[in-house]
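We name chains A, B, ... by the order of the sequence lines, and we start the count at 1 in each one.
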Amino acid sequence: DGGITQSPKYLFRKEGQNVTLSCEQNLNHDAMYWYRQDPGQGLRLIYYSQIVNDFQKGDIAEGYSVSREKKESFPLTVTSAQKNPTAFYLCASRSPGGSNEKLFFGSGTQLSVL
Amino acid sequence: QQQVKQSPQSLIVQKGGISIINCAYENTAFDYFPWYQQFPGKGPALLIAIRPDVSEKKEGRFTISFNKSAKQFSLHIMDSQPGDSATYFCAASTAGYQKVTFGTGTKLQVIP
């Protein structure tokens, strides 16, 4: 099955700890995204990558870091600098432009603070 | 900096009724307007999308109406069903620009 795989589904972070959320895709898409979802605030862009070894900050990048060493993988690290990390995190890839353009989302990771 | 405003935040509709969700945008460079549907615990999935060269697009019970001069677009769900109960997000993007901007979402509940 083609798609986006996020793991783990649930993650707990202790204070001062860095945690990494995994995102893998087998859709052969160049562009990948990380969004944060909070109730009533919609989806806010954390980081995005248009190609391997390249990524850009989104609207709320502070306290997060990413890497894009392989086309298939775009892991997100939530660092200890992110003081309010509790949220639902969504990874997505984007199909090429044109009339069939769309974002494909994973099933998300719920991050909570212990 | 919210570039896409969505309303209402929540909506309750009776089975068989029409659900209407509205969005307004500021950036006139936007040229692609998708709607995503999200069920609890899942990621959003594309429902329907429109480009500004048409004023309406219909797919089954779902219709997007687009008003370019008013910079507004809306989703209409005809004959709403309990299975339509989900959160709906409008979004906007620009060709050649990789960022997609989302509205704040509307939680729809269709009651029998």
| request: State, with a plain yes or no, whether a side-chain heavy atom of A/Arg36 is found less than 4.5 Å away from one of A/Asp38. | output: yes
| query | Could B/Glu56 and B/Lys58 be called an ion pair, given the rule that one side-chain N must be under 4.0 Å from one carboxylate O? | reply | no
One option among B/Gly41, B/Ala49, B/Gly105, B/Ala45 has the most heavy-atom pairs under 4.5 Å with chain A, and it is B/Gly41
By side chain to side chain donor-acceptor pair (under 3.5 Å), B/Gln9 pairs with (sequence neighbours left out) none
Applying a strict 4.5 Å limit to non-hydrogen atoms, the region of A/Leu43 in contact with chain B is both
Okay, A/Gln6 and chain B: the region with an atom under 4.5 Å from a heavy atom over there is neither
Hits for ring-ring contact (aromatic ring centres under 6.0 Å, His included) against B/Phe73, two or more places apart or cross-chain, chain-then-number order -> B/Phe33, B/Trp35
*Where does the angle between the aromatic ring planes of A/Trp34 and A/Phe74 fall among parallel (under 30°), tilted (30 to 60°) and perpendicular (over 60°)?*
tilted
- request: Specify whether A/Phe105 and A/Tyr35 have parallel, tilted or perpendicular ring planes, treating 30° as the upper limit for parallel and 60° as the lower limit for perpendicular.
  value: tilted
If one checks every heavy atom of B/Pro44 against chain A at 4.5 Å, the contacting part turns out to be both
(Q) Can you confirm whether A/Ile51 is buried at CD1, in the sense that more than 12 heavy atoms of other residues, nucleotides or ligands lie under 6.0 Å from that atom? (A) no
Taking a cut-off of under 4.5 angstrom between non-hydrogen atoms, the residues of residues 78-92 of chain A near chain B are A/Phe88, A/Leu90
Result block: side-chain N/O donor-acceptor pairs under 3.5 angstrom for residues 60-67 of chain B, not counting sequence neighbours:
from	atom 1	to	atom 2	distance (Å)
B/Arg61	NH1	B/Met78	O	3.1
B/Arg61	NH1	B/Asp79	O	3.2
B/Arg61	NH1	B/Asp84	OD2	2.8
B/Arg61	NH2	B/Asp84	OD1	2.9
B/Arg61	NH2	B/Asp84	OD2	3.2
B/Asn67	OD1	B/Ser69	N	3.2
B/Asn67	OD1	B/Ser69	OG	2.8
B/Asn67	OD1	B/Ala70	N	3.0

